[in-house]
Each structure stands twice: as structure tokens, then as C-alpha cells.
There are 2 protein chains.
Amino acid sequence: MTLRDIEIFVTVCELKSMSAAAKKLYMSQPAVSQTISQMEGELQVRLFDRIGRKLSLTYPGEILYSYGRRILNLVREAESTLDDVRNMRMGRLRVGASTTVGIYLLPEIIGEFRKRFSVDVYFTIDNTAGIEKLISDNSIDLGIVEGPVHSREIVVIPYIDDELYLVCSKNHRWAEKKSISPAEIENEDIIMREKGSGTREVFEETMARNNVSYRIKYVLTNTEAIKKAVEANIGVSVISRLAVEKEIRGGRLVKVDIGNIRFERKFSIIYHKDKFKSNLFEEFIRHLYNFSSNIK
Amino acid sequence: MTLRDIEIFVTVCELKSMSAAAKKLYMSQPAVSQTISQMEGELQVRLFDRIGRKLSLTYPGEILYSYGRRILNLVREAESTLDDVRNMRMGRLRVGASTTVGIYLLPEIIGEFRKRFSVDVYFTIDNTAGIEKLISDNSIDLGIVEGPVHSREIVVIPYIDDELYLVCSKNHRWAEKKSISPAEIENEDIIMREKGSGTREVFEETMARNNVSYRIKYVLTNTEAIKKAVEANIGVSVISRLAVEKEIRGGRLVKVDIGNIRFERKFSIIYHKDKFKSNLFEEFIRHLYNFSSNIK
DNA sequence: TTAGTAAAATAATATGATATTATGAAACTG
DNA sequence: CAGTTTCATAATATCATATTATTTTACTAA
């Protein structure tokens, strides 16, 4: 019993005529006859009583008619749902990101995206290595990470140039000057993320490259907590611009230049090289670039 | 998209491998590959991500998998239900009968039949012409009637020989004698069914054939009511043995012979000549004959 | 790194189910 | 009773769906 068989049978049921069904299905009448009698042979039940030249459904015929309609409806529903997916009227996108992007950028990006497409977006925050692994086993479709990616099977494309800002409280003595020499930082209490975080890695690497010594006095694993501590003038910190732009504009934190030292890093978009790029996927990448051009 | 496509796709989903699916379905691996890529072409969506040499379902793939399983389950359910019908584990039989048979015989017959098969039996009571029409337009599968059938397309097979008994109350003066001469009936008050009823037809025809005159004093359309009236000695009546055997055995009514006049008729089983005789249908006819041999 | 193996894709071909046309039988219509 | 309609049957054609053979790619183990 094929779907075609069912379609033919249901049409015959509804028109109570094989010839009419053949006409409606744009096929010859014997093809319909053959299909029906073949079904009767396979199922070993009589589907129609041929009384006179009228067809009337037998009891098993009625049963099959009712199932047949349900089956065809399900098939049509499946096809139209897939069509919706294809046309991005529905869909699913699984995105992963490292901490800074995940907390300070992606929620807004996804919010905007969902205003345009009513799709489900799943969203994971992990460190770069974790996101990389999720990409490798296809647990997420796309990631935005800060660190270097090692797997040769992952495509990495540059996304946003990020910069870490040295920030202090508006009550700090640097708040007025807005610029210091690298030497001035040496005796300052620095509040910093834990070892292994992307932010700390960039900070330490840049300081080392510029031969500046420093003293980390407080370690906090949460950027928001660091910002509060800096605001309270417990120390100064180096934080991604994405995390502190609002506070700087609001005057609660002050950005301070350290000679011409800049803490720079790049965010990258990553995905698996063999990943099929659905319409929704491509649309999301376009959306990411549109969004980034607003914040640069 | 055919059922075969869906079956192959679902198998691949479950085994996460085309080769394994091919093996399970006893077919070659390229056939599976081809089916999947053809489905992807038709539906215009990617169903699997081929990452490395592992397959993982895309979002539309997951949607189709869930629909696919439902569709296959429904098809299997339909097939197994039809199989139940074929093996008479379920079914439907629509029976019609004229009044006497319908009221005094069929309920018990159907009751016995349903003890053997758990099938639905629909049951219509009408006069012979009505039952004949229901057979003609296939509204019922089988009928049991008393009168002659006219349509050439209806098969009539003899069923039971019925006899009408002249009965009186146990308090009637005939109750002792149990036999009268035809002449004695002429001045007796007779209670009888209405004109057009099979019982009355047989009664009048038999009386006329034997040149016996009679006087119908009361007309009741309900045989039960007639029996009560006879019991109350309001008059005597002529009633099918099927309707009065219990009362005669119980002594509440007395059967009286009228010389050697007998009121005889035949019940017939009728069905449409083009009717497909399902197992259940044949079984019911056998059941009818088994049953009748118990009451003869 | 390199054989060896395994999985999926591709190409060419074979098979068989599912159509078609042609025709016949039965039954309803005027 | 002729004409028409409907379904069934037979012979044939077509096309979808399989198969075998082969290539490509990726994983595994020496």
C-alpha cells in the first residue's frame, strides 16, 4: 500500500466513482480500477461493493477511508511544515558564544533576529574550547568565540574587533586625567577575571608584550561583579568595551588610556566546514554583520 | 514522497547510518543514498548534515522524522485493523427483519452471534418491502422477511417454516377441547393485526382458501398487546408460533386446532446478488441455520 | 605518514511497478 | 432496444526505483 494507492482510494471514496476519480487525478480509468483491485488483493478485503454500477464502501472500506484521510492529512501537514521551514516561517538555530559576546552582545542580536523571524533560537554560553566542541559534534549550528580555534574542520571567519578598556571609578584619581603612563599602573590594585578567561589572557599577554608589570589584587569570575567593584573604587580593571560602554557613557566608569597600549582581540564566527547552510543560517550571519556595523 | 521513502528515511534516522539502514531493509546502500537525496531535492530541505562520515538530523530532518513515524504508525494500524476485520476479530453486520422475526427471533440470534464474535450488529425492523429496499441500496447486508420479494437482483433463500397458531385464553371454553371445527370460529371475537401485516395476510388468505368466514372485532398493531388481550379473554387470535410458544408452554395461552387448517408461511433470508460475502456474512448465515435447527 | 577499511556519493544499467491504450461486459437512460 | 456510462480486463509502454560497479572521503591502526 503506497501513498498513491491511498490517495486514489480516498478520491474514489469521495466521488463514489472510479471514472470520476480518474478524471480528477488526471489519469486513466483502468489505472484506478487496477489500483483498487490490487489493494483489495493485498489487504485481502473487499473495499467496495459493486452493486449495479454504483460503488458503495464496505465496512473495511470505511475503515480504510477513515485511516486514509488521516494519513494523507499528516503527509500534507508534514510537507507544508517543511515548506515553512524552507521559507523561514519557522525554524531553529542553535548558537553558542563565549562569555563576553554571550552576555553583552548576543542577547540583543538574537532579540533583533527574532523580531524578523519567528524561529526558535537556542543559545549556549561556554568558553572557546567548549563552543568548538559543540560545533564539532553538531550540537550547535554556529558559534561566536574570542580565542583561537584549533580544529581543521571548523571554518573561522572574523567578526568584530574587540578592545579591552582600562576603567576606573569616577572617584578615582585617574578619572580626571583620562590618560596615564604604563608605569603608573604598577602599584595600582587591579580587579581581574580568573585565569583561563579570554579577557585575562589578552590582558596578561598585552602587558607582557609591553613589559609592564602589574598586581592583580582581586579575582572575580563575573564581569558584572567586577564593574560594581570598580564603580565602588575598590580597584581598576580591564574590561571589554562591550561590557562597559553603557557605564562609560553614563559616567559611572571612566576609560583611561595607558600610553599607546591597546588591548585588542577579535571575535570570530565559527561553524563546521561540512555544515549545510540553511536559509536561516545564512540569514543569521547576514544579520550578525548588519548588527556589528551598528556598534563599530 | 512515498511511504517507502518515509520508511527508508525513518530507518536511516534511527540507525544514523545509510549502510545500516540498507542492510536492515535488505536493499543496497546506493538505493538508500538515492532515496534520501531525492527526498531532499523534492522537499527542498537538507535532511541530514553529513559531518565527517556521521549523519546527524537537521531541524527539518527532525520534523520529518517525527511526522514520518506518526505516518508509518498510522499505516500499520490501518493494516492491522483491516486484518482484524478479515479475521472477524471485529466487523459490522447490518441486518434487517420484518416484525415477527425482528421481535421474537432476531434478538436472541444476534445475542448468540455476538457471544461468538465481538462485532457490531446493526438491526432494523421494517415490513418486507422496506427491508427489500434497504437491501437494494445496500443500507443493510442481509434481511429476514416473511413476504414475497419482487426485485430480480435480490437473492432469496428459504429459512424457517413458520406457522400461525389459533390461541385462546386458558379461561376460554375452547381451552379444554383444544380442537374445534372451522364452523365454530365464525361467531367468535377475533383480535387481529392491522391490514398489511404479514400475519394478517396469511390469516385472511388461509381462511379464504378454506371458505371459512370470520369476524375481526379488535385490531391492534402490536403483537404483545394482542397476546395480553387474548390472555384477558377479550377474544381469540392467530399468532406466529414464535410469538406465543412461551405463553403456551406456560399455560397462559392455549393452542387450538381448527380441523386440519394450518396457517403456514416461510421466512426467507435475502441479500443482494452482487453483495460481496465477507467471512462475517457467511458466518452469520451459518449461524442462522444452526440457530433455526434448535427451534424447529 | 601511510595502508587498510568503512561509509556515502555517483554513474550506468536492470527491473518491475504503475501507467497507458484498446477493448469488452454489464447496467442504467431515454 | 440503441446509446451511453461505468467498471473490468488485456497488452503494452514508461518511468521510478532498484542493482552492480566504482570513486571519494574520512576514520583507524600500524
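Atom CD in Q38(B) sits roughly 14 Å away from atom P in dT10(C) (whole-Å rounding). Between the C1' atom of dA22(C) and the CD atom of Q34(A) lies a distance of 13 Å, rounded to the nearest Å. Spacing between atom CG of D274(B) and atom C1' of dC28(C) amounts to 14 Å, rounded to whole angstrom units. In this structure, E153(B) places its CD atom 16 Å from P of dA26(C), rounding to the nearest Å. Remark: C1' of dA6(C) and CG of L55(B) are 13 Å apart, rounded to the nearest angstrom. In this entry the distance linking CZ of R50(B) with C1' of dA6(C) reads 17 Å, nearest Å. In this structure, E40(A) places its CD atom 15 Å from C1' of dT9(D), rounding to the nearest Å. With rounding to whole Å, R4(B) atom CZ is found 13 Å from dA16(D) atom C1'.
Remark: S33(B) is not in phosphate contact with dA8(C), judged by side-chain N or O atoms under 4.0 Å from OP1 or OP2.
In summary, K24(B) and E14(B) do not engage in a salt bridge, as defined by a charged side-chain N under 4.0 Å from a carboxylate O. One finds a salt bridge joining E40(B) and R50(B) here, because a Lys/Arg side-chain nitrogen approaches an Asp/Glu carboxylate oxygen to under 4.0 Å. Using a 4.0 Å cut-off between charged side-chain N and carboxylate O, E79(B) and R76(B) make no salt bridge. In this structure, R286(B) does not pair ionically with E282(B), as no charged nitrogen and carboxylate oxygen lie closer than 4.0 Å.
In this structure, E42(B) and S17(A) both approach DNA chain D, and ranking their closest nucleotides by distance from the 5' end singles out S17(A). Comparing A20(B) and T35(A) by the nucleotide of DNA chain C that holds the closest heavy atom to each, the one mapping nearer the 5' end is A20(B). Each of K273(B) and K16(B) was matched to the nucleotide of DNA chain C holding its nearest heavy atom; the match closer to the 5' end belongs to K16(B).
Looking at heavy-atom distances under 4.0 Å, S28(B) makes contact with a base. Within the 4.0 angstrom heavy-atom criterion, only backbone atoms of the sugar-phosphate kind lie near T2(B); the bases stay farther away. Nucleic acid contact for S37(A): none, since no nucleic acid atom lies under 4.0 Å from a heavy atom of the residue.
On a pure distance criterion of 3.5 Å, a polar donor-acceptor pair joins the side chain of Q29(B) and the base of dA9(C).
Checked against dA8(D), dT20(C), dA8(C), the side chain of M18(A) finds its nearest nucleotide in dA8(D).
Taking the six-membered ring for Trp and the full ring otherwise, F9(B) and F48(B) have centroids separated by under 6.0 Å.
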